[in-house]
Peer 1: 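First the structure, which I've put down as structure tokens, then a few questions once you've had a look.
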Amino acid sequence: MSELSYYYELADKLAETRDLTDEEFSSLLFFRNPQFAEYLSQKARTIRERYYGKSVYLRGLIEFTNFCKNNCYYCGIRRGNATAERYRLTEEQIVTCSDSGYALGFRTFVLQGGEDPYFTEERIASIVAAIRKRHPDCAITLSVGEHEEESYRRWFEAGADRYLLRHETASKAHYERLHPQDMSFTHRMQCLKTLQKIGYQVGCGMMVGSPWQQTADLVADLRFLQEFQPQMVGIGPFIPHHDTDFADQPAGSVELTLRLLSVIRLILPKVLLPATTALGTADAFGREKGILAGANVMMPNLSPGDVRGKYLLYDNKICTGDEAAECIRCLSIRVERIGYQVVESRGDPAGF
Ligand code: 5AD
Ligand code: FES
């Protein structure tokens, strides 16, 4: 059997059984061959189209604070970065963002921010309730890090439907090399379980090619996804930020990110899979390539113009100078060019 046909069989097996052995997963992830990449993404597209057709869901991202009490080694808004220009949006500004997003056709809002103690349980609950009241037909997603179960419950009751908390890496040892000692792998995983138990649609995810990541770590990520069964998985290449400990580390590979998107689509057929801004930053056509590899979500920025350039987790982030309306026009055209279509929808998981 030729090398290529061995890999084609692996892809067929993955599409049929949604599973491979650890050895098979690692050899498949690290086989760099354009013909095989096309074969794998064709499989992923077939599954994606079975559940989502040619639709691409949009989420309006509101980056409402870049203050953060954590000091993750990879992240540009970590507390130790004294040169980051900090900002907070007011409740009124956040609600206004959701109104203008609604007018533009968004039916999902993602409130994302650093772990900013100013935004107490109370304040976040009040913002969620305000948006819930004005836009009863929209999904509200929170992405504000690790909190107490009580807070997660309160926000759910106030009207939040979804929560994004990337696990970053499913290997404890690797997690500890990406984060300072005051952050705990076990606590993060616990938060994910709590969110799921409360009834949120939960999104987890990891960076691809973060410093010291090994093949075995990515296989551990895939095993974690199979076990946890999240509704959404956000992945993007690691991109260095000049004011972090990892400034001189190499960026993650776009090709590996694309192969992983296809593999994730095959192991979790109905998952919501964004073609992330990091992917679009690492490659001018990264988001289109992501859609073609099996992704079905995009998350353009709705934050006001004057703060867009300040939510910088990594260098050279795209779309920081564009208005939300321009991004939507641009994305719609980009998506149509590859044969897909942006739709106005909450974009719940298939069958939800
Ligand atoms: N490169 C790529 N992704 C990053 N994130 C944070 N810093 C970086 C970086 N330097 C990702 C993390 C985080 C999400 C909001 O952004 O996975 O959970
Ligand atoms: Fe923002 Fe193209 S998506 S300008």
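Note that ligands are numbered from 1 as they come in the structure, with each ligand's atoms numbered from 1 the same way.
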Peer 1: Give a yes or no on this: more than 12 heavy atoms of other residues, nucleotides or ligands lie within 6.0 Å of atom CZ of Arg32.
Peer 2: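 Incorrect, the count does not exceed 12.
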
Peer 1: Check each of His167, Met207, Glu168 against atom 5 (N) of ligand 1 and report the one with the nearest heavy atom.
Peer 2: Met207

Peer 1: Looking at Glu148, I'd like to know if its CD atom is crowded, meaning that more than 12 non-hydrogen atoms belonging to other residues, nucleotides or ligands lie closer than 6.0 Å.
Peer 2: no

Peer 1: Just checking Gln341: does its CD atom have more than 12 heavy atoms from other residues, nucleotides or ligands closer to it than 6.0 angstrom?
Peer 2: no

Peer 1: Is it the case that ligand 1 has an N or O less than 3.5 angstrom from some N or O of Arg166?
Peer 2: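 In this structure, Arg166 places an N or O atom under 3.5 Å from an N or O of ligand 1.
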
Peer 1: Quick one, His179 with Asn70, criterion side chain to side chain donor-acceptor pair (under 3.5 Å). Give me CA distance, side-chain angles, the key distance, then yes/no.
Peer 2: CA-CA 9 Å; His179 302 93; Asn70 294 330; over 6 Å; no

Peer 1: Quick one: look at Pro240 and ligand 1, take heavy-atom pairs under 4.0 Å, and tell me if it's side chain, backbone, both or neither.
Peer 2: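 Neither part.
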
Peer 1: Which of the atoms of ligand 1 are close to Phe238, meaning less than 4.0 Å from one of its heavy atoms?
Peer 2: 1 (N), 2 (C), 10 (N)

Peer 1: Who's the nearest protein heavy-atom neighbour of atom 2 (C) of ligand 1, and how far?
Peer 2: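 Nearest protein contact, heavy atoms only, for atom 2 (C) of ligand 1 is Pro237 O, 3.3 Å.
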
Peer 1: Has the side chain of Arg88 got a donor or acceptor atom that lies under 3.5 Å from a matching backbone atom of Phe64?
Peer 2: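 Here the side-chain-to-backbone pair does not exist.
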
Peer 1: Which residue owns the protein heavy atom closest to atom 15 (C) of ligand 1, what's the atom, and how far is it?
Peer 2: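 Sorting protein heavy atoms by distance from atom 15 (C) of ligand 1 puts Leu313 CD1, 3.7 Å first.
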
Peer 1: Quick one: which of Ile239, Asp315, Leu165 has a heavy atom closest to atom 10 (N) of ligand 1?
Peer 2: Ile239

Peer 1: For the backbone of Asp99 and the side chain of Arg134, can you confirm whether one donor and one acceptor N or O come within less than 3.5 Å of each other?
Peer 2: no

Peer 1: Where the closest heavy atom to atom 6 (C) of ligand 1 is concerned, which of Tyr73, Tyr74, Tyr314 has it?
Peer 2: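 Ranked by closest heavy atom to atom 6 (C) of ligand 1, first place is Tyr74.
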
